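Note that the coordinates shown come from a computational prediction; the quantities given were computed from them, not determined experimentally. Heavy atoms only: backbone and side chains are in, while hydrogens, waters and symmetry mates are out.
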Amino acid sequence: MQVLLYNELNPQAIQGFAKWQKFMEADDLKSADVKKIGDNLYRARLNRTDRLLLAFHHYQGQRYALVLEYLKNHDYAGSRFLRGVAQLDEEAIPLLESVPEDMPALAYVNPQHPRFNLLDKIIAFDDVQQAIYQLTPPLVIIGSAGSGKTALTLEKMKAVAGDVLYVTLSTYLVRNARDLYYAHAYDNPQQQVDFLSFQEFLESIQIPVGKPIDFHTFAAWFARQPRSAIKDAHKLFEEFKGVITGPSVDTAYLSREQYLNLGVKQSIFLEEERAAVYAIFSSYLSFLQESGYYDSNIVSHQYVTYSSPRYDFVVVDEVQDLTNSQLYLILKALREPRGFLLCGDANQIVHPNFFSWSKVKSLFYQEMPGQGEAELIRILHTNYRNSPQVTALANRLLLLKQARFGSIDRESNYLVNSNGHVQGKVVFLQDRDTIRRELNAKTRTSTRFGVVVMHESKKLEAQQHFNTPLVFSIQEAKGLEYENIILYNFLSAEAKRFREVCEGVNPADLQGDLTYARAKSKTDKSLETYKFYVNALYVALTRAVCDLYWIEADPQQRLLSLLGLEQAQDSLTLENQGSSLEDWQREAHKLSLQGKQEQAERIRREILQQQTPTWTVYRDDTLQQLHQQAIQGNDKKARLTAFEIALVHDDTQWLRDLLLVDFKPARHPENGIKLLQQKHYLAYQAKNPQALRQQLQQFGVDFRNPFNQTPLMTATWLGNAALVEELLERGADTDLVNNQGFTAFQIALQQASKDEKYAKQTLGRIYAALEPDSISIQVDARLIKLDKRGMEFFLLNLLIVLFYRVLPSKLIKSGGFGTQEVLDAIAHFPDHVLPKHRKQRAYLSSVLAKNEMYRDGAYNYKLFYRLRQGHYVFNPSLMLRVEGEWVNIYQLLPLDKLTYRAEAGTNGWDKNDQRYWDQQMEWGCDNLNQALQKVRGDVLNDALSMLKVLCEQELQRIQQIPG
């Protein structure tokens, strides 16, 4: 067999590696001392103390041993791949006698380079990719979908030290890129990486006032405007974003004179239409100002003036989706202007924003005089995703595009070599009832088939024939991929424009390779207007990983003939392609993450047939009504429900109110918990929870029970790790919050911080699965994403769940959170959840002190206000993003709930004792208020002045309670 080495390992630094490698290459596993310790995970003994971790794979008949990790001194606990394993009993594991037969296959191995890279899976670079990988920035990587440009980009990021930014337009792509980057517990202590969408990047400079305008908001506004000769809202929106506000870095938007004087290839509107377009744009500017929306291009230009350099290296993914003004703002964040890497594909532009690599290069040369073009651009020509059949069709379309429009921008057009390992087919069909019915019958319940149409307006027509929820316009389809794509009347929707696309192109023009020349006519407006339609078709074709089913009402269209699709089939034989309900649940979850809410909701409604529960969910208004009925209305049933809600959410305020009206069960809440679980949660504690699964099928994986808990929150609260894992597999949403504003992750921290058994047996199993990638906070009107790899992320989440349990007793003594409270909470947390060095008193004290709101420091996130040495409360201006909305920390954690003593009632209840406690709390709140008044700044003082008022209001409210 052959040995491949992880690219970050240095064989010269591994004592005994050369000798061990010879044993492996001779298939002498006994001498190599290999033992199996996990699923395709093996350890090999180098000497008495040092070990290697490896996996076995095969490629094209050859077996490979992949060396993943070098462990000195039996350091299994520090392994990336053995998290949670402190030690192995090596003597109890038998030696491996032969290589297993069921080893997984590799997608590619470069015979010239015995190394591999690792993201979420094993990656081997081809010669072109490897050459690019070894280049230094600045760099632009251009490649089609499936060319490996994102993987190559992320691997290059790992070699950079300092402050690094990864930014792209898509929130989903940001999350996916981050997950790939840190897969298998990757860690690089030499860098600090921010993964941001462009919207988040804007907010990291300063939170803009209002909301970003999107097309749906724009279209609704445009529909209310007086009638005009301009009818197409989508075309108008693209003109505003891509022509008037986007291309220039010198001005927020073009003046009327500048716009009217644009050349014929610089606008998607005719010259005689532009005056009307600009009149609407002027109204648009007024609408933005009056309605609380903003245009990200205009804001980008404004932010350039006070954006400061803060990154050593910047990666921009899918750069073709950004405008020049947005890209220019990103460049301004660089400390050194050469420290960038861009990647993208101009053929995937599905809106006419006039992007071209030549304009991008001009922007860079403006910022970096003397930078040579040859040093900047690199192109990836190999496709590893699409089948050869789909790739060949896409290439023919690119040849047509080049023949029709010409090019002086070589990087915008290039042919692709397919290295797809799955053979597929392109099936050309005539639009007939029999074909539509068979396709629909065989594919409507399959998650492996997507239907793509040209325009949003054509989706309804497609939905009349295809019952699958997976129907997308071309704008929606961008970024998606399906095993099979049904392309429905894509050309027929724009038959006239596609006829013009083919004008002057002959079959002979589509032979051979691309040739580069200017367009035949410099005044040919179709150069830009119709290039969009070719790009849209290109994107549609390349969504198909394996098979493409292309249906057209008119199969004689000339473009089809040029593409080699001359004879449409009038019949089709296809096997049933059904998917399970669990597959559909996962598909709905994935589409929700990608922002495809329409399709996700159709899946839930039409495939999963989810219903709305009939019971009352107590939250917001219904919660307040229940409280009034229970406390002031003397409603016994309401009091019992209120008591149960108080137990579920650990709401000490409601427990206090029930005690004040002499609701006897509230005297011993520990007894109520047991009865509550028997009454409402037996389905969550069964070994085979069939009753719960029936509810999941009926109501969906994220339905709410009467206590406003999702099943995931409930399973987490009860410590049922197996059920948590099952719900996550079904696509449960980890970002949802309960009445406390807590996610399932925070509920897990809450339970583990007070229950040793939960911490030791449950937390370690579910922590990583529930943990979000980051938490978004707002400090000084700026967005900060606290990544889960940082201690600030953990500490903020932990102190939020400790707030009501710890702070009341500390407040009376004029204290706040301290290191000891954290140590007590994490005493039993497993080391793979929180490493030992992060449990040290000195380390915790340093993190608290580093994040004081008035301390200077590059990585001070200003989370805390120091009352006195070692005692902290939350920065009163701190905001958190909860389910998409900004919430002040003291709105999430209302201060009035601090006035109840959690221990009251344990040994009997005394109303006078409680009132004495309330007086002490008033004194404590008053002291805290006085301390916080020292906080500088009127805004902060306004935020803090509510503290004493809330405490006084709470005491007045208590006095009105009967008894």
J.: Just one of N797, V737, V882, I800 clears the side chain to side chain contact (heavy atoms under 4.5 Å, CB included) bar with F742, so which one?
T.: I800
J.: Cation-pi between K788 and F794: NZ/CZ under 6.0 Å from ring centre and within 45° of the ring axis?
T.: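 That pair does not qualify as a cation-pi contact.
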J.: Whether K850 engages the ring of Y859 as a cation-pi pair (distance to the six-membered ring centre under 6.0 angstrom, angle to the ring normal within 45°) should be assessed.
T.: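 Judged by the rule, K850 and Y859 form no cation-pi pair.
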J.: For the pair E69 (side chain) and R80 (backbone), establish whether a donor and an acceptor sit closer than 3.5 Å, ignoring hydrogens and angles.
T.: yes
J.: Determine the minimum heavy-atom distance between F313 and V315, stating which atoms define it.
T.: CE2-CG2, 3.5 Å
J.: Does this structure show an ion pair linking R881 with E885, if we count only N-O contacts that are shorter than 4.0 Å?
T.: no
J.: If we ignore hydrogens and angles and just use 3.5 Å, is the side chain of H589 paired with the main-chain N or O of G731 as donor and acceptor?
T.: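 The answer is yes, because a donor-acceptor pair under 3.5 Å joins these two groups.
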J.: Looking at G764 and V833, what are the two nearest heavy atoms and their distance?
T.: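 Reported closest heavy-atom pair: CA-CG2, 3.8 Å.
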J.: Starting at CD1 of I207, measure out to CG of L783 and round the result to the nearest 0.5 Å.
T.: 5.5 Å
J.: Please find the pair of heavy atoms, one from L655 and one from P669, that lie closest to each other, and give the distance.
T.: CD1-CB, 4.4 Å
J.: CG of L180 to CG of L119: how many Å apart, nearest 0.5 Å?
T.: 5.5 Å
J.: Whether the Q820 and D824 side chains hold a donor-acceptor pair (N or O, under 3.5 Å, no angle test) is what I'd like checked.
T.: yes
J.: Evaluate the ring planes of F874 and F803, with Trp represented by its six-membered ring, and classify them as parallel (under 30°), tilted (30 to 60°) or perpendicular (over 60°).
T.: parallel
J.: Supply the atom-to-atom distance K757 NZ to Q751 CD, rounded to the nearest 0.5 angstrom.
T.: 13.0 Å
J.: Looking just at side-chain N and O atoms, do N708 and N739 make a donor-acceptor pair shorter than 3.5 Å?
T.: yes
J.: Rounded at 0.5 Å granularity, tell me how far CG in L727 sits from OG1 in T710.
T.: 8.0 Å
J.: If we count only N and O atoms by modelled type, under 3.5 Å, do the side chains of H627 and D657 hold a donor and an acceptor together?
T.: yes
J.: Considering only NZ, NE, NH1 and NH2 on the basic side and carboxylate oxygens on the acidic side, decide whether D163 and R310 come within less than 4.0 Å.
T.: no
J.: Do R805 and D650 sit within salt-bridge range, that is, some charged N less than 4.0 Å from a carboxylate O?
T.: no
J.: Would you find a donor on one side and an acceptor on the other, under 3.5 Å apart, between the side chain of N875 and the backbone of Y865?
T.: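 No, N875 side chain to Y865 backbone: no donor-acceptor pair under 3.5 Å.
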J.: When the aromatic ring centroids of H871 and F817 are compared, is their separation below 6.0 Å?
T.: no
J.: Using the rule given for side chain to side chain donor-acceptor pair (under 3.5 Å), can you reason through Q709 versus Y681, listing the C-alpha separation, both sets of side-chain angles and the distance that settles it, and then say yes or no?
T.: CA-CA 12 Å; Q709 298 168 298; Y681 296 105; 2.6 Å; yes
J.: For D621, I'd like to know if atom CG has over 12 heavy atoms of other residues, nucleotides or ligands within 6.0 Å.
T.: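 Not more than 12 within 6.0 Å, no.
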J.: What do you reckon, is NZ of K121 surrounded by more than 12 foreign heavy atoms closer than 6.0 Å?
T.: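 For K121, atom NZ is not crowded (no more than 12 foreign heavy atoms under 6.0 Å).
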J.: What I want to find out is whether R586 reaches E582 closely enough, with some N-O distance under 4.0 Å, to be called a salt bridge.
T.: no
J.: Apply the test side chain to side chain donor-acceptor pair (under 3.5 Å) to residues T622 and T616: give CA-CA distance (whole Å), side-chain angles for both, the deciding distance (0.1 Å), then the verdict.
T.: CA-CA 8 Å; T622 55; T616 300; over 6 Å; no
J.: If you round to the nearest 0.5 Å, how far is CZ of R789 from CZ of F793?
T.: 12.5 Å
J.: Show your reasoning for whether side chain to side chain donor-acceptor pair (under 3.5 Å) applies to Q685 and N720.
T.: CA-CA 7 Å; Q685 301 174 68; N720 190 335; over 6 Å; no
J.: Would you please test Q746 and Q750 for side chain to side chain donor-acceptor pair (under 3.5 Å) and show each step?
T.: CA-CA 6 Å; Q746 291 168 328; Q750 183 184 45; over 6 Å; no
J.: Looking at L82 and Y76, what are the two nearest heavy atoms and their distance?
T.: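 Heavy atoms only, the tightest pair is CD1-CD2, 3.6 Å.
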J.: Find the distance between CD (Q761) and CG (D755) and round it off to the nearest 0.5 Å.
T.: 9.0 Å
J.: Evaluate side-chain contact (heavy atoms from CB on, under 4.5 Å) for Q191 paired with M157, printing each intermediate quantity in order.
T.: CA-CA 10 Å; Q191 60 181 203; M157 279 175 59; 5.6 Å; no
J.: Using 4.0 Å as the upper bound for N to carboxylate O, is an ion pair formed by D194 and K785?
T.: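 Looking at D194 together with K785, the answer is no, because their closest N to O distance does not fall below 4.0 Å.
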J.: Between the side chains of R604 and S592, does any donor sit under 3.5 Å from an acceptor?
T.: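 Their side chains do contain a donor-acceptor pair, which is all the 3.5 Å distance test asks for.
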J.: Which atom pair, heavy atoms only, marks the closest approach of L848 to Y872?
T.: CB-CE1, 3.8 Å
J.: Salt bridge or not for K862 and E852, using N-O below 4.0 Å?
T.: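 Answer for the salt bridge query: no.
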J.: Carefully, step by step, assess I777 and L878 under the rule side-chain contact (heavy atoms from CB on, under 4.5 Å).
T.: CA-CA 7 Å; I777 65 171; L878 178 67; 4.0 Å; yes
J.: Taking the six-membered ring for Trp, is the centroid-to-centroid distance between F829 and Y767 below 6.0 Å?
T.: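 That pair fails the under 6.0 Å test.
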J.: Show your reasoning for whether side-chain contact (heavy atoms from CB on, under 4.5 Å) applies to Y758 and T716.
T.: CA-CA 10 Å; Y758 188 106; T716 303; 3.5 Å; yes
J.: Is there a side-chain contact (heavy atoms from CB on, under 4.5 Å) between L647 and F707 once you walk through the steps?
T.: CA-CA 10 Å; L647 294 177; F707 307 112; over 6 Å; no
J.: Taking all heavy atoms of P689 and all of L723, pick out the closest pair and write down the distance.
T.: CG-CD1, 4.3 Å
J.: If only side-chain N and O atoms count, and only distance matters, is there a donor-acceptor pair under 3.5 Å linking D317 with T150?
T.: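 There is such a pair (donor and acceptor under 3.5 Å, judged by atom type) between the side chains of T150 and D317.
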J.: Do NZ/NE/NH1/NH2 and the carboxylate oxygens of D735 and R175 come within less than 4.0 Å?
T.: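 Looking at R175 together with D735, the answer is yes, because their closest N to O distance falls below 4.0 Å.
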